[in-house]
Chemist: 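Handing you this structure, nothing more for now.
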Amino acid sequence: MRKGCPYGTHRVIEPRGLLPQPAWKLDNSMNIYDNEVLIDVEVLNIDSASFTQIEEEAGGDEKKIAAIMTGIVKERGKHHNPVTGSGGMLIGRAKEIGPAWRGKSPLEAGQRLATLVSLSLTPLRIDKIKKIHKDIDQVEIEGQAILFESGIFAVLPEDLPQTLSLAVLDVAGAAAQTAKLVRPGDRVVIIGAGGKSGLLCLFEARKRAGVTGQVIGIAPRETSKNRAESTGYCDVVLMADAADALGIMNQVKAATGGAMADVTINCVNIPNTELSSILATRDGGLVYFFSMATSFTAAALGAEGVGKDVTMIVGNGYTRDHAAISLNIMRESPVLRKIFEELYS
Ligand SMILES: NC(=O)c1ccc[n+]([C@@H]2O[C@H](COP(=O)([O-])OP(=O)(O)OC[C@H]3O[C@@H](n4cnc5c(N)ncnc54)[C@H](OP(=O)(O)O)[C@@H]3O)[C@@H](O)[C@H]2O)c1
């Protein structure tokens, strides 16, 4: 059996020398190397920024969405959206485990798992698109995928529905990072508060900021505003467009009595929201860009342009124990469990 690199560089076709995530094209043949796991894929959870872009390009037409998705995988050997640069993750069953994995991991063939590395670096073959769930960015397929030796994954818990676990695990980094970043007494602004990652962040922000802190949600529509409010974790939910930087700044100024946010967390799925996050934050504060629609250039030059000295964190999708922390929110918070079950089960 062929021996593979732990990071999967042996699968890179173009350009040679890159790692699988930044590479344009991967080898998606399904004969495994000694340190890979072959997965029979059941569901793809397409990253929200990516699915929103594909849906818009397809004008909402499911046949066109399917054609765009299969086109991406045919061209790149992975579901790496060339417009947004983002991926998503998947659920499937381990079919074959390479000999180099044995003894290092408790994973067994036949177990159902969710990959916690992005689809943007996962060799994937789609044989058939069975069903597209537009409302939850999930797509049932027949196909196979490869997990590298360095690839993290979670065996799916027994006590939670599969689609719910997939939804939570897709954004697992957000809440776990929030838990690390928010201190007691902080004023926290969460933009996109009624979405999947936003709701999980609300829980951790409230828990960490405590009664002396302030949690401010921002949502663009009544539905998502009501959803964020119904959690009970926000002091206030503002209805505002994240692309309207001055509007957001003024609303946050009013809500914080002029102090502005100590920590701002951006969980939206649309572009051009960097400056609203920066202007909502006090000088010396911190902005965590979880959104994959964030532009590094727009954030860096935008902050400089308005003379804001804020620390900006790129939304690393991984932080230690993120899967366990995020799945546990579904057990700790009955109100979020109910919302997630209604939306994703
Ligand atoms: N860093 C990582 O590793 C990682 C991993 C996964 C996902 N992501 C990214 O994280 C972001 C959020 O993902 P998600 O799954 O939580 O998405 P989601 O459930 O679709 O939530 C996005 C939220 O943004 C809100 N929104 C849309 N346009 C807005 C606007 N103009 N102003 C204010 N809010 C607006 C939406 O409100 P409505 O519901 O009213 O439309 C929605 O509640 C995406 O960009 C996704 O790509 C990052």
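Atoms considered below: every heavy atom in the structure, side chains included; atoms not considered: hydrogens, waters and symmetry mates. Atoms within each ligand, like the ligands themselves, are counted from 1 in listed order.
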Chemist: Quick one: look up the protein heavy atom nearest atom 5 (C) of ligand 1 and list residue, atom name and how far away it is.
Modeler: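 Checking every protein heavy atom, the shortest distance to atom 5 (C) of ligand 1 gives Phe290 CZ, 3.4 Å.
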Chemist: Has Thr223 got any heavy atom lying under 4.0 angstrom from an atom of ligand 1?
Modeler: no
Chemist: Say whether Ile218, considering both its backbone and side-chain N or O atoms, lies within less than 3.5 Å of an N or O atom on ligand 1.
Modeler: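 Checking ligand 1 against Ile218, no N or O pair falls under 3.5 Å apart.
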Chemist: Relative to the heavy atoms of Cys267, which atoms of ligand 1 are at a distance of less than 4.0 Å?
Modeler: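 Those atoms are 11 (C), 12 (C), 22 (C), 23 (C), 24 (O).
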Chemist: For Asp241, take its heavy atoms, then give the atoms of ligand 1 lying under 4.0 Å from any of them.
Modeler: 30 (C), 31 (N), 32 (N)
Chemist: A quick test of your reading: do over 12 heavy atoms of other residues, nucleotides or ligands sit less than 6.0 Å from NZ of Lys131?
Modeler: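 Open.
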Chemist: Answer yes or no for Gly194: is there a heavy-atom contact with ligand 1 below 4.0 Å?
Modeler: yes
Chemist: How about Phe340 and Leu199: do any of their side-chain heavy atoms sit closer than 4.5 Å?
Modeler: yes
Chemist: Looking at Ser277 and Thr273, would you say the former's side chain and the latter's main chain have a donor-acceptor pair under 3.5 Å?
Modeler: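 Flag set: sc Ser277 to bb Thr273 pair under 3.5 Å.
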Chemist: Regarding Lys308 and Thr281, do their side chains bring together a donor and an acceptor under 3.5 Å, going by distance alone?
Modeler: no
Chemist: Does Ala240 have a non-hydrogen atom less than 4.0 Å from ligand 1?
Modeler: yes
Chemist: Okay, side chain of Ser105, backbone of Trp101: is any donor-acceptor separation there less than 3.5 Å?
Modeler: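 Answer holds: no.
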Chemist: Tell me whether the rings of His10 and Tyr33 are parallel (<30°), tilted (30 to 60°) or perpendicular (>60°).
Modeler: tilted
Chemist: Under 4.0 Å from a heavy atom of Gly315: give me the atoms of ligand 1 that qualify, with their elements.
Modeler: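 So the answer, numbered in order with elements, is 1 (N), 2 (C), 3 (O).
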